[in-house]
Amino acid sequence: MKRPMFPRLLPSVLIPAAFATLAMSSGHVQARTGQEVLQQQCVACHAVSKPQSLDLERLWQRKGPDLYYAGIKFNQPWLEKWLQNPTTIRPAGVMPARSVRAAADKTPDTVDPGALTPHLALSKDEAAAVAAELMKLGPDLGLVEKGAFRNDPPNVSMAGMLFSKLRGCASCHSAKPGNGGSSGPEMYDGGARLQPDYIVAYLRDPQKFDPHVWMPRLDLNDADVQKLAGYITTLKGEAK
Ligand code: HEC
Ligand code: HEC
């Protein structure tokens with residue numbers, strides 16, 4: 001069947017398109033906005049708005065950590081830097097059950113490196129644009145109480161002891177590279193990565209962020225929460 005409309009449309013469609021191509025190849029390629037990058041390259045793996053339902057199935061299926069409250073979670077300078085040069089945060093990936101091979105009795109679990117793929121990196125400009133966009137997400141969700149972190153004078157050795165021995169955090173998190181569990185995110189640059197008020201809110205009630213997340217609610221008193229949060233804020237990672 002013939003389509004008489006098509007040839008008549010051609011010039012009006014093709015000529016502007018040709019001009020647009022010319023304009024692009026002749027110099028200035030329009031940089032993408034942060035929102036465009038998020039929609040084109042990130043939403044396949046990350047939630048950037050609050051999911052309809054936070055059921056166990058969703059947690060199990062998700063391909064990356066949630067970013068819909070990124071603005072109350074991350075420090076912007078860390079985000080900008082990490083997006084240009086992503087490093088491993090969760091040694092066993094976002095879903096440890098998929099990558100950790102349980103080892104025989106008494107030997108540590110090992111992580112199957114084939115289950116983890118390197119994270120995509122952004123250019124400096126796009127990283128800055130995306131970080132600025134991410135910092136807008138989450139303040140209206142009521143997850144974090146502003147000023148919850150009291151910033152008491154730190155007692156690093158006592159708090160380090162709470163972390164590694166008394167409260168069992170180190171069975172899932174490492175406060176030094178290679179030193180600690182691998183099912184939770186590394187904490188050795190937690191102070192660079194995370195906002196102090198977010199750390200306090202997360203320690204008080206991890207399930208407020210996701211009802212099924214596998215960090216247990218540890219029944220910490222407020223003094224311990226403040227000490228642990230203070231300790232984590234001192235962890236700024238290795239000089240890179
Ligand atoms: C193929 C899936 C995939 C895509 C696409 C992807 N990510 Fe990720 N992202 C992940 C995984 C998996 C992690 C966890 C890495 C880790 O913990 O070591 C992650 C971690 C992150 C983190 C750190 C989160 C945290 O809680 O510590 C940020 C920020 C992030 N991604 C941003 C982005 C942005 C922005 C884009 C788009 C430019 C993007 N990601 C595209 C899978 C993806
Ligand atoms: C059974 C393992 C487990 C234990 C024990 C545990 N955590 Fe977690 N923790 C996790 C997991 C899993 C997450 C969430 C990871 C995610 O969302 O990808 C988490 C998240 C966190 C976060 C938020 C970090 C982020 O990237 O969003 C902080 C802060 C934290 N834990 C600190 C602690 C402290 C301090 C202790 C000890 C009082 C502790 N955790 C004990 C497994 C654990």
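Keep in mind that the numbers below use all heavy atoms, side chains included, and drop hydrogens, waters and symmetry copies. Whatever order the structure lists ligands and atoms in, that order sets their numbers, starting from 1.
In the vicinity of Ile89, heavy-atom distances shorter than 4.0 Å reach the ligand 1 atoms 16 (C), 17 (O), 18 (O), 23 (C), 27 (O). Atoms of ligand 1 lying under 4.0 Å from any heavy atom of Cys42, numbered from 1 in the order shown and given with element: 34 (C), 35 (C), 36 (C), 37 (C), 38 (C), 39 (C), 41 (C). With ligand atoms numbered from 1 in the order given, ligand 1 contributes 32 (C), 35 (C) to contacts under 4.0 Å with heavy atoms of Leu83. Those atoms of ligand 2 that come under 4.0 Å of a heavy atom in Lys73, given as number and element, are 25 (C), 26 (O), 27 (O). Each of the atoms 35 (C) of ligand 1 lies under 4.0 Å from some heavy atom of Val130. Each of the atoms 29 (C) of ligand 1 lies under 4.0 Å from some heavy atom of Leu79. Close approach to Leu203 involves these atoms of ligand 2, each under 4.0 Å from a residue heavy atom: 32 (C), 33 (C), 34 (C), 35 (C). The ligand atoms of ligand 1 that sit less than 4.0 angstrom from a heavy atom of Lys63 are 11 (C), 12 (C), 42 (C). Each of the atoms 12 (C) of ligand 2 lies under 4.0 Å from some heavy atom of Ser183. Within ligand 2, the atoms closer than 4.0 Å to a non-hydrogen atom of Pro216 are 1 (C), 3 (C), 4 (C), numbered from 1 in the order shown. Shown in contact with Cys45 at under 4.0 Å from a heavy atom are these atoms of ligand 1, numbered in order with element: 1 (C), 2 (C), 3 (C), 4 (C), 5 (C), 42 (C), 43 (C). Less than 4.0 angstrom separates some heavy atom of Pro185 from each of these atoms of ligand 2: 13 (C), 15 (C), 19 (C), 25 (C), 26 (O). Close approach of ligand 1 to Thr88 is summarised as follows: ligand atoms under 4.0 Å from at least one heavy atom of the residue are 18 (O). Set against the non-hydrogen atoms of Leu228, the atoms of ligand 2 under 4.0 Å away are 38 (C). Near Tyr198, meaning under 4.0 Å from one of its heavy atoms, ligand 2 places the atoms 23 (C), 25 (C), 27 (O). Here is the list of ligand 2 atoms found below 4.0 Å of a heavy atom in Gly168: 5 (C).
Considering backbone and side-chain N/O of Gln41, none are found under 3.5 Å from N/O of ligand 1. Polar contact check, His119 against ligand 1: a nitrogen or oxygen pair lies under 3.5 Å apart. Considering backbone and side-chain atoms alike, Trp78 places every N or O at 3.5 Å or more from each N or O of ligand 1.
Taking all atoms of both residues into account, the shortest heavy-atom contact from Leu162 to Cys169 is O-SG, 4.4 Å. Contact detail for Asp197 and Gly147: the closest heavy-atom pair is OD2-N, 2.7 Å. Nearest heavy atoms, Arg204 versus Gln226: NH2-NE2, 4.1 Å. Pairing each heavy atom of Leu137 with each of Tyr68, the nearest pair is CB-O, 3.4 Å. In this structure, Arg58 and Ser53 approach most closely via the heavy-atom pair CD-O, 3.5 Å. Across all their heavy atoms, Ala131 and Leu83 have their closest contact at N-CD1, 4.3 Å.
Aromatic pair His119/Trp82: ring centres closer than 6.0 Å. Aromatic ring centroids of Tyr198 and Phe209 lie under 6.0 Å apart.
Between Leu166 atom CG and Lys227 atom NZ the span is 10.0 Å, to the nearest 0.5 Å. Here the CD-CD distance, from Gln40 to Gln35, works out to 10.0 Å after rounding to the nearest 0.5 Å. In this structure, the separation between NZ on Lys236 and CG on Asp189 is 10.0 Å, given to the nearest 0.5 Å.
Between the side chains of Gln84 and Glu80, no donor-acceptor pair of N or O atoms lies under 3.5 Å. Of the N and O atoms on the side chains of Gln39 and Arg32, not one donor lies less than 3.5 Å from an acceptor on the other residue.
In summary, Arg150 and Asp222 engage in a salt bridge, as defined by a charged side-chain N under 4.0 Å from a carboxylate O.
With a 4.0 Å heavy-atom cut-off, ligand 1 is reached by the side chain of Leu120 but not by its N, CA, C or O.
Between Glu126, Arg90, Glu133, it is Arg90 that holds the heavy atom closest to atom 26 (O) of ligand 1. Of the candidates Trp214, Tyr202, Phe74, the one placing a heavy atom closest to atom 21 (C) of ligand 2 is Tyr202. Atom 38 (C) of ligand 2 has its nearest heavy-atom neighbour, among Cys172, Ser182, Cys169, in Cys169. Of the listed residues (Met187, Met215, His173, Arg167), the one carrying the non-hydrogen atom nearest atom 28 (C) of ligand 2 is Met187. Comparing heavy-atom distances from atom 11 (C) of ligand 1 across Pro65, Ala44, Pro91 singles out Pro65 as nearest. Ranked by closest heavy atom to atom 32 (C) of ligand 1, the top entry among Val37, Leu194, Leu67 is Leu67.
Using a 4.5 Å heavy-atom threshold, the side chains of Pro185 and His173 count as touching.
Given atom 27 (O) of ligand 1, the protein heavy atom at minimum distance is Arg193 NH1, 2.9 Å. Counting protein heavy atoms only, atom 20 (C) of ligand 1 is closest to Trp82 CH2, 3.5 Å.
For the ligand labelled ligand 2, residue Arg62 lies inside the 4.0 Å heavy-atom shell.
Cluster annotation: Val48 is not connected to Leu59 through the hydrophobic network of ILVMFWY side chains, with a link wherever side-chain heavy atoms come within less than 4.5 Å.
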